[in-house]
Amino acid sequence: MIEIKPPALRQIVGEGLTGLELPRLLAAAPLLALQNRGNRRPVMVLPGYGASDASTILLRSYLSWLGYDVRGWGLGTNGGNVALLLPDVQNAVEQMHKQANQAVHLIGWSLGGVLAREVARNNPVAVQQVITMGSPIIGGPKYTSMAKIYLNNGVDLDEIERRISERDRTPIKVPVTSVYSKNDGVVAWRASIDHMTPGADNIEVRTTHLGFGLSPEVFKLLAKKLSRT
């Protein structure tokens, strides 16, 4: 078994290149405009730790332009407490499912992807598919650049990893895609690969962790995944 370690210093420093994604996104606009239309399919995008719906506005705007019924999670800043947030996230997804009369496509960036997975695990009827972007699906914060901060605050990272492994014994019964990058300077890329969910599609892209919401490669991938499921 390959040992998983938090991102190396060069990867953390590489997050400073995130700004390069914006001109690439603008240059890719003609190609992105050719992607399949959404036909009002419901999509919810969940932000990462310390972020709010403002962090996903470009991605949501693009998917809305394609014709999807796209919403943020509407819960303010993601404070990182999965157990505390999960009931409210699940309620928001179930409400969208009820209003749209269709299962909801969930896109979760970083910790938002962890929440999306748990909603799908708890209520697969309300969820069409889950797509995670740079999410710490193995070990939680243990294999992230935030690990030392958690340890200094007295958090037992081994216990969190054990609980996550226990949860994974209950399989997710909807299609799952995990998008990861070896340039991720926040979450160890190996921790973003889903070996637990039968049929999970693990796809590598080239971007930083903060770049998932700006990357034209990611935008194109999401458009294809949403149109096919």
Side-chain angles (χ1 to χ4, degrees), residues 21-22 24-48 53 55-74 89-90 92-110 112-121 123-135 137 171-181 184 192-194 196-207 209 211-229:
E21 293 291 3
L22 187 56
R24 291 172 184 159
L25 182 62
L26 294 174
L31 177 61
L32 293 173
L34 297 176
Q35 301 307 305
N36 291 336
R37 311 305 293 179
N39 297 320
R40 302 302 298 167
R41 294 178 182 179
V43 178
M44 183 177 291
V45 185
L46 310 179
D53 286 333
S55 67
T56 65
I57 191 167
L58 284 179
L59 174 57
R60 287 185 289 114
S61 296
Y62 170 61
L63 296 178
S64 293
W65 183 84
L66 283 181
Y68 292 94
D69 176 11
V70 187
R71 303 182 193 177
W73 75 336
V89 177
Q90 186 161 317
V93 173
E94 290 170 351
Q95 287 297 316
M96 190 173 191
H97 171 223
K98 182 178 180 180
Q99 292 167 5
N101 199 28
Q102 296 182 58
V104 181
H105 299 259
L106 296 182
I107 299 173
W109 188 353
S110 197
V114 174
L115 287 161
R117 288 170 61 86
E118 293 309 308
V119 171
R121 199 187 313 273
N123 190 355
V125 173
V127 179
Q128 181 65 32
Q129 69 170 320
V130 172
I131 305 173
T132 63
M133 306 186 300
S135 294
I137 60 179
I172 299 174
K173 297 181 179 178
V174 303
V176 173
T177 300
S178 175
V179 185
Y180 68 95
S181 172
D184 194 321
S192 293
I193 295 180
D194 187 350
M196 297 77 65
T197 306
D201 194 7
N202 296 292
I203 302 176
E204 180 184 356
V205 296
R206 283 191 170 187
T207 188
H209 185 82
F212 279 107
L214 296 171
S215 166
E217 184 180 0
V218 173
F219 277 36
K220 181 180 177 181
L221 172 60
L222 293 178
K224 288 185 179 297
K225 280 288 181 179
L226 291 173
S227 68
R228 291 175 180 174
T229 305

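Using a 4.5 Å heavy-atom threshold, the side chains of V70 and L59 count as separate. Using a 4.5 Å heavy-atom threshold, the side chains of M133 and V218 count as touching. Between I203 and K225, the closest side-chain pair of non-hydrogen atoms falls below 4.5 Å.
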Determine whether T207 and E217 satisfy the following criterion, side chain to side chain contact (heavy atoms under 4.5 Å, CB included), listing intermediate values before the conclusion.
CA-CA 9 Å; T207 188; E217 184 180 0; over 6 Å; no

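E118 pairs by the salt bridge (Lys or Arg N to Asp or Glu O under 4.0 Å) definition with R121, R167, not counting sequence neighbours. Residues forming a side-chain contact (heavy atoms from CB on, under 4.5 Å) with S55 (at least two apart in sequence, or on another chain): P47, A51, W109.
Within the structure, side chain to side chain donor-acceptor pair (under 3.5 Å) pairs that include any residue of residues 59-69 comprise T56-R60 (at least two apart or interchain).
The two residues N202 and S192 have their closest heavy-atom pair at OD1-O, 4.3 Å. Nearest heavy atom pair, residue V119 against residue V89, reads CG2-CG1, 3.8 Å. Summarising the geometry of S110 relative to G48, their closest heavy-atom pair is CB-CA, 4.0 Å, with the distance given to 0.1 Å. Summarising the geometry of S178 relative to I137, their closest heavy-atom pair is OG-CD1, 4.3 Å, with the distance given to 0.1 Å.
No more than 12 heavy-atom neighbours from other residues, nucleotides or ligands sit within 6.0 angstrom of CZ on R206.
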